[in-house]
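Heads up, the thing below is written out as structure tokens.
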Amino acid sequence: MELQKWYDIAAEEAKWQAFWEEKKIFRFDPDGTGEVFAVDTPPPTVSGKMHLGHAFSYAQQDFVVRYRRMRGMHVYFPFGTDDNGLPTLRLIEKTKGVKAEKMGRERFRKLCVETLENDLRPGYIKDWKRIAMSCDFDSFYTTINNHCRRISQKSFIDLYKAGREYRKEAPAMYCTECRTAISQVELQDAELDSFFNDIVFELEDGSDLIIATTRPELLPACVAIFAHPEDERYAKLFGKRAKVPLFDFWVPIMPSPRADPEKGTGILMCCTFGDQDDVEHYLEHKLPLKVAIDGEGNMTDLAGSYKGMSVSIARRMIIEDLKGRRKLLSQTPIRHTVNVHERCGTEVQILNSKQWFIRYLDLKEQMLAWGRELNWYPNHMRVRYENWVNGLRWDWCISRQIYFGIPFPVWYCAKCEAVILAREEDLPVDPITDRPPVTKCPKCGHGEFVPETDIINTWATSSLTPQIAADLYKGHPIHQRLYPMSMRPQAHDIITFWLFNTVVKSRLHNGVNPWKDCVISGHALDPRGKKMSKSKGNVVEPQKVMDEYGADCLRFWAASSKLGEDLPFMEKDLVTGRKFITKLWNASRFALMHLGGYAGARPKRLAPIDAWLLSRLHRLIKGATESFERYEYARTRLETEKFFWQVFCDNYLEFVKERLYNSEAFGPDEVLSAKYTLYQANLAIIKLMAPIMPHITEAVFQLYYAKHENEKSIHLSQWPAYDAKLVDEKAEKAGDLAVVIVGAVRRHKSENALSLKTELAMITVECTKQEEALLSGIEKDLLGVTKARRIAFGKADQDIPDTALRISIEQ
RNA sequence: GGGCCUGUAGUCUAGUGGCUAUGACGUCGCCUUCACGAGGCGAAGGUCCCCGGUUCGAAUCCGGGCAGGCCCACCA
């Protein structure tokens with residue numbers, strides 16, 4: 001057999017990827033057989049380039065999917081991209097240098113769709129193919145295509161009909177930079193420098209009341225003042241009023257348990273709206289609404305002379321004016337955390353506006369129960385879900401005032417504002433360009449309608465990925481077996497977004513959990529263990545890593561962390577992966593060289609050293625299989641690697657050489673036993689590593705095994721089967737003793753600066769009768785490895801512990 | 001402020017009650033070896049974060065600290 005001496009990673013990986021694609025190895029066959037294993041693949045947000053965190057997390061998913069496929073399961077592993085909503089809008093604005101509002105809705109939408117289709121998406125997906133995701137890339141969706149629009153709009157209609165959705169003018173979190181409402185999950189913390197301002201309010205009797213605030217610009221929106229009901233300092237003021245400085249209007253002073261006597265002056269100024277507490281006070285006490293800030297982040301009429309100023313300028317001006325009137329007692333600089341919008345970092349305002357909500361705060365108990373029904377890997381990730389549910393304080397606001405996304409399938413009667421839904425058979429619709437399905441309002445008979453111009457938040461669509469993916473096979477009998485799905489793989493940072501929302505939607509629509517198992521991966525960190533970010537300049541690009549080391553090495557690295565654990569990127573791990581590839585190639589080359597004429601026959605009896613190897617191998621298979629069943633691919637990698645290097649290469653291959661190069665000295669069955677074992681062990685090793693390093697293992701498989709095993713690809717072959725009959729403790733003891741003897745000889749040669757080839761006159765092993773018996777049948781193999789002319793077994797006292805074999809060597 | 005995770009050679013890491021604590025990278029020494037010098041063999045390197053407890057026995061279990069990370073809350 002002609003075997004190339006070096007394995008060229010770049011050329012081989014390209015070659016096998018083309019092979020898989022051409023032969024459609026990973027195509028999903030809906031008519032296939034076996035237990036379905038359906039995967040809710042995360043659709044990555046199209047953002048220019050795959051980053052290392054993606055490579056890390058997606059590689060880990062692919063390990064377990066490939067394993068399941070080799071276990072004979074009917075794998076459904078679709079692929080989608082998320083290219084809907086605000087992130088895409090921002091990306092297009094940036095890459096094309098445009099502003100959505102300036103372009104106009106229609107032109108901008110068209111630009112988005114075309115840019116995605118022609119420029120961004122194809123190149124983006126290539127990276128996922130390059131790390132060898134074994135997805136069926138033809139079972140494909142994008143969260144903005146018609147398939148997803150239809151499902152998303154139908155979801156809206158169904159939940160509306162179920163009474164789960166309402167449109168309401170209500171306080172909602174709002175980003176004045178992006179000019180849209182946002183939801184709780186889109187918040188991020190930011191540490192900002194600010195001032196605690198002690199401001200003087202005037203009481204009815206003319207005395208002062210000091211209130212501390214970080215947001216003086218909200219003074220015109222002040223509607224009440226609260227103090228703790230048991231706060232003796234202020235008890236006498238309840239029911240009285242205070243005058244807001246500068247703006248000179250009176251507000252009531254009321255008790256509220258939410259006011260903390262320890263904080264500031266113990267007085268809480270309630271403005272509509274400064275924070276969540278204000279909202280709750282507003283609702284609880286039915287306070288008036290005073291809007292001081294508009295949707296663009298500027299002061300309204302209410303602010304009088306400050307009208308039109310931005311929040312930050314108004315804040316400064318108001319402080320100046322308070323100082324001027326001696327109404328500012330003091331300013332204390334503080335550093336505090338505020339909520340900002342995760343997309344743009346702008347401080348979030350709470351504004352009253354008309355938004356669509358999914359009502360779900362009443363379901364907290366059920367949500368917790370749903371979370372407990374899922375299998376979490378690793379288990380502790382459930383806590384994050386529960387924390388989130390326990391902390392929920394808002395219904396889910398799903399409307400966004402932006403230009404790009406899936407429209408609400410809704411019109412309103414121009415007269416009575418009745419909600420007119422699209423008909424299901426018309427979906428997807430765009431109410432701006434499409435006509436409503438009625439000509440007269442069913443409520444008031446009016447004939448004019450206005451379209452909803454908001455779009456549905458992207459998470460309200462991507463939380464439907466299980467249904468979206470399954471519905472790609474709608475109408476086929478397989479359809480109903482694809483949902484609920486088997487597994488949701490994802491990283492831990494989006495448990496509160498994507499995972500939680502998907503559970504909610506699936507429950508509300510279908511009353512079931514969307515999947516059985518949640519498999520949560522960690523993050524890729526920089527070499528110093530820090531988070532990677534563009535601003536820190538510590539970003540490692542997976543494309544560059546693959547240029548140098550290839551996908552197998554990158555995957556090898558990704559397989560070195562336990563599931564759910566973050567992992568620093570270490571170039572040395574890539575080097576280790578490359579060494580592993582070289583070693584695997586060379587060991588396989590050796591095996592295949594000697595298997596030339598081997599046709600698969602079994603020996604009548606296994607030689608002792610072969611029994612030892614196969615016994616160890618089957619223990620490995622058992623452990624590796626159990627680990628993979630628990631999604632612990634890292635353990636499979638670790639143990640396979642150890643077995644391959646230490647047991648198979650360092651020792652077994654050395655033992656077996658004697659029978660292969662010097663076969664006349666052995667019986668035919670002993671030689672056959674060697675070939676049989678070599679064949680089985682090498683095949684098992686490449687199969688165990690196949691999910692993690694798909695290219696090198698395919699390359700070896702195709703050299704020889706594909707034909708003999710009659711398989712198209714190693715990735716469609718069967719995972720090694722554990723055979724308990726091959727686990728042989730006696731053989732293991734014997735083989736391990738032989739390894740100890742070889743180790744002693746190697747140490748002797750190394751310490752004496754001798755080549756391992758140096759011949760030895762005699763090795764004397766002092767051991768017990770039992771041990772001598774175990775070693776019988778291995779002498780010839782031992783002589784071969786040690787290059788000794790004779791081996792003798794001296795009698796040892798029974799007292800010698802087995803670990804202390806005494807080995808003497810004569811040159 | 002609450003919750004969760006993590007702490008093991010210079011570095012990364014395995015190890016949920018029992019061999020001399022795993023492996024890799026790095027370091028040092030030796031070996032041109034018939035699969036592999038893009039290698040091999042060998043060696044050195046440890047307060048298993050600290051303190052207490054349980055136990056015949058603790059890296060492992062319990063309690064209390066300390067340090068790092070993440071999630072959430074607070075935001076007057």
Which sits closer to the 5' end of RNA chain B, A:Ala591 or A:Thr576, going by the nucleotide each is nearest to?
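Final value for this comparison: A:Thr576.
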
Given RNA chain B, 5'-ward residue of the pair A:Glu641 and A:Asp493, judged by closest heavy atom:
A:Glu641

Base, sugar-phosphate, or nothing: which does [X] touch, judged by heavy atoms less than 4.0 Å apart?
{"X": "A:Thr214", "result": "sugar-phosphate"}
{"X": "A:Cys271", "result": "nothing"}
{"X": "A:Lys642", "result": "sugar-phosphate"}
{"X": "A:Leu567", "result": "nothing"}
{"X": "A:Gln646", "result": "sugar-phosphate"}
{"X": "A:Phe226", "result": "nothing"}
{"X": "A:Val338", "result": "base"}
{"X": "A:Asp260", "result": "base"}
{"X": "A:Glu654", "result": "base"}
{"X": "A:Asn339", "result": "base"}
{"X": "A:Ala587", "result": "base"}
{"X": "A:Leu756", "result": "base"}
{"X": "A:Lys579", "result": "sugar-phosphate"}
{"X": "A:Arg215", "result": "nothing"}

Between the protein and nucleotides 6-11 of chain B, list the N/O to N/O atom pairs that are separated by less than 3.5 angstrom.
none

For the [atom1] atoms, the ones on [N] and on [M], what distance do you get once it is rounded to whole angstrom?
{"N": "B:G68", "M": "B:U8", "atom1": "C1'", "value": "15 Å"}
{"N": "B:C4", "M": "B:G46", "atom1": "P", "value": "35 Å"}
{"N": "B:U60", "M": "B:C49", "atom1": "C1'", "value": "15 Å"}
{"N": "B:G39", "M": "B:G65", "atom1": "C1'", "value": "49 Å"}
{"N": "B:U47", "M": "B:G10", "atom1": "P", "value": "7 Å"}
{"N": "B:A43", "M": "B:C62", "atom1": "C1'", "value": "40 Å"}

Side chain of [X] - closest among [options]:
{"X": "A:Pro568", "options": "B:G42, B:U13, B:G3", "value": "B:U13"}
{"X": "A:Lys757", "options": "B:C34, B:C70, B:G2", "value": "B:C34"}
{"X": "A:Arg384", "options": "B:A76, B:C12, B:C70", "value": "B:C70"}

Is the shortest side-chain heavy-atom distance between A:Phe580 and A:Arg637 below 4.5 Å?
no

It should be established whether A:Trp645 places a side-chain nitrogen or oxygen under 4.0 Å from OP1 or OP2 of nucleotide B:G40.
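Result: yes.
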
Take A:Phe63 and A:Phe628 through the test ring pair (Phe, Tyr, Trp, His ring centres under 6.0 Å) and record every step on the way to the result.
CA-CA 9 Å; A:Phe63 303 153; A:Phe628 247 133; 7.5 Å; no

When the distance from CG of A:Asn651 to C1' of B:C41 is rounded to whole Å, what number comes out?
11 Å

Can you confirm if the NZ or CZ of A:Lys657 lies within 45° of the ring axis of A:Phe590 and under 6.0 Å from the centre of its six-membered ring?
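Positive - A:Lys657 is close enough to the ring of A:Phe590 and near enough to its axis.
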
Checking A:Lys583 against A:Phe644: charged group under 6.0 Å from the ring centre and within 45 degrees of the axis?
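Output no; distance or angle outside limits.
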
Can A:Glu639 and A:Arg635 be counted as an ion pair, charged N to O under 4.0 angstrom?
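Between A:Arg635 and A:Glu639 there is a salt bridge, with a charged N closer than 4.0 Å to a carboxylate O.
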
So, are A:Arg746 and A:Glu654 salt-bridged, with charged N and O less than 4.0 Å apart?
no

Any idea how A:His281 and A:His285 line up, ring-wise: parallel (<30°), tilted (30 to 60°), or perpendicular (>60°)?
tilted

Please evaluate the base of B:G39 for a donor-acceptor partner in the side chain of A:Thr582 within a cut-off of under 3.5 Å?
no

Side-chain-base donor-acceptor pair under 3.5 Å for A:Lys583 and B:C36
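When only heavy-atom distances are counted, A:Lys583 does reach the base of B:C36 through a donor-acceptor pair under 3.5 Å.
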
Mark yes or no for whether A:Asn197, through its side chain, and A:Thr213, through its backbone, hold a donor-acceptor pair below 3.5 Å.
yes

